[in-house]
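Taking it in order: structure first as structure tokens, then the write-up.
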Protein chains: 2
Amino acid sequence: MATIKDIAQAAGVSLATVSRVINDGPKVGKETRKRVKRIMEEMGYRPNANARALVTKRSASLGVVLAELHDPFFAMLAHGVETVTRKNNVQILLSAGSIEQDTERRAIEILLEHRVEAMVVHSKALDDQTLIDFAKQIPGFVLINRYIPEIANRCVWLDNVTGGRLMAEYAIGQGHKSLAVISSQYRIDDPNHRLQGIREAMKAAGIDLPESMIEYASPDQEGGELAMQNLLATGAKFTSVLAYNDAMASGAMTMLQDHGISVPDDVSVVGYDDVLLAKYCRPKLTTLRYPIEMMAAKAAELALKYASAIQPEEGLTFKYTPTIVKRDSLTRV
Amino acid sequence: MATIKDIAQAAGVSLATVSRVINDGPKVGKETRKRVKRIMEEMGYRPNANARALVTKRSASLGVVLAELHDPFFAMLAHGVETVTRKNNVQILLSAGSIEQDTERRAIEILLEHRVEAMVVHSKALDDQTLIDFAKQIPGFVLINRYIPEIANRCVWLDNVTGGRLMAEYAIGQGHKSLAVISSQYRIDDPNHRLQGIREAMKAAGIDLPESMIEYASPDQEGGELAMQNLLATGAKFTSVLAYNDAMASGAMTMLQDHGISVPDDVSVVGYDDVLLAKYCRPKLTTLRYPIEMMAAKAAELALKYASAIQPEEGLTFKYTPTIVKRDSLTRV
DNA sequence: TTGTACGCGTTATCAA
DNA sequence: TTGATAACGCGTACAA
């Protein structure tokens with residue numbers, strides 16, 4: 001591949017001049033500029049981003065750490081980031097970290113080695129201190145879906161406690177008095193917070209939530225089916241089910257329907273996340289909107305801003321609150 | 001950030017020695033190696049991937065060009081690529097190209113500037129010749145979801161003609177004699193090929209397919225609803241509908257149900273792609289499995305292989321054929 | 001076993 | 001308006 005040197009030679013000028021032409025720098029003769037451009041074209045010249053990054057210490061790339069790409073949720077996240085990187089002419093460097101300490105740390109380190117300017121990180125496995133250390137070390141380091149008080153202005157997160165509360169309050173407001181809950185078996189913050197919110201709302205309404213009405217399973221369609229199966233097996237009575245996410249809600253609905261139980265006429269179901277399938281499944285899912293795409297865009301903007309020497313103000317906070325999306329899977333009782 | 005020079009100084013050795021330690025090179029004293037490693041650890045040293053790429057002319061990264069990340073289909077594609085890059089310790093550099101000539105070309109050029117070793121490209125807008133030129137220029141250039149005879153061994157693609165034929169043959173085999181078709185309004189190859197396959201199968205069965213039984217709309221849920229609405233409005237009679245993809249099929253089912261028409265009892269529906277929602281929607285969608293994840297993994301493997309000087313044999317071809325996934329949206333009639 | 005010195009492709013500083 | 005030239009951080013012959 002042709003280098004700047006080849007171009008200079010072919011054009012009969014110096015490296016410096018070519019460099020100026022490439023970067024639209026000033027002080028280049030009109031004629032010279034034209035000629036150099038033509039030759040670059042002819043020789044199919046492409047600037048070497050690596051060499052450039054080396055000398056400028058800026059890589060025009062933003063790193064993204066996430067778990068599984070085929071999860072629609074992460075796809076939305078990536079898309080949110082992409083909308084802002086595109087606007088800023090920045091490339092995305094992906095690093096997958098499958099919710100394990102070692103791989104998550106490694107994912108971050110790899111991005112560091114590539115000297116990405118900024119970084120949007122979705123980490124559930126690493127402990128607070130490790131992330132705080134990274135944040136101190138990397139100006140453009142922003143966490144998404146996680147809140148750590150010490151680095152609050154680097155966190156873009158969803159208030160899951162309020163989210164849980166909203167789910168329960170809505171169901172209760174629609175007359176439901178006996179609720180079941182389907183939660184995730186992974187004891188990370190998210191399910192804990194959502195559950196906490198649900199508990200708060202139910203307590204405020206004077207409704208009991210015995211542990212027997214909570215089922216834990218893997219946070220996907222199969223988990224939802226399994227959890228519902230277990231719930232039904234206990235013979236417990238309930239008029240509505242609050243699920244950890246839409247996939248579980250969908251699984252729960254399937255299992256209910258397989259048992260000849262109508263949704264929402266016999267049992268109502270509420271999801272969480274509002275991913276694509278919430279609109280596609282039947283009945284359409286009443287759920288909580290998790291504005292992940294918007295949040296991811298915000299995170300990317302912040303990361304880029306912080307990276308370009310604009311240091312964060314101390315008091316800032318980027319908390320988002322989910323909102324109820326009323327569709328067809330919950331009915332008044 | 002500490003450089004190799006800082007480490008050398010701190011450890012009282014030369015650059016070369018440190019470099020050898022980093023790359024697990026031979027001929028380094030056991031003691032020295034240990035000491036250097038300790039100091040690297042202490043100083044938080046991270047090799048600079050850009051500098052390394054510059055001198056080795058290898059970037060340990062694979063570029064991916066695709067349209068929209070939030071489309072589950074592309075999310076699967078990205079995931080397929082990711083499974084093999086992970087195994088090979090290669091990073092993914094993303095470049096989105098939203099099905100427009102200029103952005104697609106630009107996306108490829110950007111990856112080129114980053115000197116990615118290999119490239120998996122999903123391009124629908126660029127013309128054959130442009131892609132052929134890129135392929136000739138870049139050893140690790142592989143196309144996915146597209147077939148160009150001149151560079152057959154760089155193409156990983158799905159046989160959509162056969163796919164269309166399979167859909168129609170299956171419906172016909174189940175006794176359906178009056179079929180409607182919902183196609184995409186974008187006149188790119190994919191819908192054309194699928195339609196062609198459908199026509200072939202119907203012709204072979206001696207069934208007519210008048211143009212009035214084909215509706216064209218945008219290839220998403222809304223498009224599916226709209227197309228079905230139009231179909232119903234014409235008053236035409238049909239016992240089954242073949243859709244361009246699962247999203248359209250899902251939209252069509254919704255619209256049918258809204259009109260009190262039962263699926264599959266009154267009208268059967270067949271999708272294409274077998275994305276997540278095919279399992280989630282009700283009734284579960286009978287559809288064609290598009291093994292995009294496997295294909296993407298294959299493409300990534302090929303790209304990496306070709307990039308590492310192993311040049312493709314001439315005769316090779318990477319054609320995949322979809323298969324029918326029988327679920328609940330089509331019934332015998 | 002270790003060190004020296006050059007080159008990778010580019011930008012940026014200083015002269016001319 | 002242009003041109004030398006010194007970095008940038010690293011790998012690697014070659015020498016010691």
Side-chain angles (χ1 to χ4, degrees), chain A residues 1-37 39-40 43-61 89 91 109-117 308, chain B residues 1-40 43-61 89 91 109-117:
Chain A
M1 179 144 303
T3 76
I4 204 174
K5 206 184 280 178
D6 302 328
I7 306 294
Q9 210 149 28
V13 295
S14 75
L15 298 185
T17 303
V18 179
S19 178
R20 287 187 191 102
V21 173
I22 293 170
N23 300 297
D24 278 326
K27 304 182 190 255
V28 171
K30 236 181 149 176
E31 268 315 305
T32 328
R33 189 182 300 265
K34 218 176 214 164
R35 186 157 42 90
V36 172
K37 278 205 168 169
I39 294 188
M40 292 198 315
M43 303 185 63
Y45 169 77
R46 309 222 183 275
N48 183 324
N50 294 313
R52 190 177 268 175
L54 188 58
V55 45
T56 60
K57 294 172 179 307
R58 327 193 60 246
S59 67
S61 66
N89 287 322
Q91 280 323 102
E109 283 173 350
I110 287 175
L111 295 181
L112 233 34
E113 294 181 1
H114 280 266
R115 300 297 191 268
V116 294
E117 295 197 10
S308 61
Chain B
M1 178 141 303
T3 76
I4 205 174
K5 203 184 283 179
D6 301 327
I7 306 294
Q9 209 149 28
V13 296
S14 76
L15 300 182
T17 304
V18 179
S19 177
R20 287 187 191 103
V21 172
I22 293 171
N23 300 298
D24 279 327
K27 305 180 189 261
V28 171
K30 236 181 151 178
E31 269 314 306
T32 328
R33 187 183 299 263
K34 219 176 215 164
R35 187 158 42 91
V36 171
K37 279 206 168 169
R38 187 171 46 74
I39 294 188
M40 291 198 318
M43 304 184 63
Y45 170 77
R46 310 219 182 279
N48 183 323
N50 293 313
R52 191 178 265 175
L54 191 57
V55 46
T56 61
K57 293 175 179 307
R58 327 192 62 247
S59 67
S61 65
N89 287 322
Q91 282 321 105
E109 283 173 350
I110 287 175
L111 295 181
L112 232 34
E113 293 182 2
H114 281 267
R115 300 297 191 267
V116 293
E117 295 197 8

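In what follows, every chain begins at residue 1, and chains take the letters A, B, ... in the order their sequences are listed. Everything numeric in this text was worked out from a predicted model, so none of it was measured.
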Please name all residues satisfying side chain to side chain contact (heavy atoms under 4.5 Å, CB included) with [X], sequence neighbours left out, ordered by chain then number.
X	value
A:A10	A:I39, A:M43
A:A49	B:H114
B:L54	A:N48, A:A51, A:L54

Inset, instruction - Considering non-hydrogen atoms only, spot the tightest contact between B:Y45 and B:I7 and give its length. - result: CB-CD1, 3.7 Å
Any N/O pairs under 3.5 Å between the protein and nucleotides 2-6 of chain D? List them or say none.
{"residue": "D:dT2", "atom": "OP1", "partner": "A:T32", "partner atom": "OG1", "Å": "2.6"}
{"residue": "D:dT2", "atom": "OP2", "partner": "A:G29", "partner atom": "N", "Å": "2.5"}
{"residue": "D:dG3", "atom": "OP2", "partner": "A:S14", "partner atom": "N", "Å": "2.9"}
{"residue": "D:dG3", "atom": "OP2", "partner": "A:S14", "partner atom": "OG", "Å": "3.2"}
{"residue": "D:dG3", "atom": "OP2", "partner": "A:T17", "partner atom": "OG1", "Å": "2.8"}
{"residue": "D:dG3", "atom": "O6", "partner": "A:R20", "partner atom": "NH2", "Å": "2.5"}

Inset, instruction - Give a yes/no answer on whether the side chain of A:S19 brings an N or O atom under 4.0 Å of OP1 or OP2 in C:dT10. - result: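 Looking at the OP1 and OP2 atoms of C:dT10, neither is under 4.0 Å from any side-chain N or O of A:S19.
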Legend entry - Contacts of B:R58 that satisfy salt bridge (charged side-chain N to carboxylate O under 4.0 Å, His left out) - sequence neighbours left out: B:E117
Listed by chain and number, what are the side chain to side chain donor-acceptor pair (under 3.5 Å) partners of [X], not counting sequence neighbours?
X	answer
A:T32	none
A:E109	A:R106
B:R46	none

How many whole angstroms separate atom [atom1] of [X] from atom [atom2] of [N]?
X	N	atom1	atom2	result
B:R58	D:dC10	CZ	C1'	16 Å
B:E113	C:dC8	CD	P	20 Å
A:M40	C:dT10	CE	P	11 Å

Legend entry - Residue pairs fulfilling salt bridge (charged side-chain N to carboxylate O under 4.0 Å, His left out) with at least one residue in residues 4-17 of chain B, sequence neighbours excluded: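 Matches after skipping sequence neighbours: none remain.
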Contact list (N/O, under 3.5 angstrom) for nucleotides 7-9 of chain D vs protein:
{"residue": "D:dC8", "atom": "O3'", "partner": "A:K57", "partner atom": "NZ", "Å": "3.3"}
{"residue": "D:dG9", "atom": "OP1", "partner": "A:K57", "partner atom": "NZ", "Å": "3.0"}

Side chains of residues 15-25 of chain B: which donor-acceptor pairs under 3.5 Å do they make with residues two or more places apart or in other chains?
{"residue": "B:T17", "atom": "OG1", "partner": "B:S14", "partner atom": "OG", "Å": "3.3"}
{"residue": "B:N23", "atom": "ND2", "partner": "B:S19", "partner atom": "O", "Å": "2.9"}

Inset, instruction - Compute the bend angle of the helix from C:dT1-D:dA16 to C:dA16-D:dT1 from the end axes (five pairs per end), rounded to 10°. - result: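 Roughly 40°, once rounded to the nearest ten degrees.
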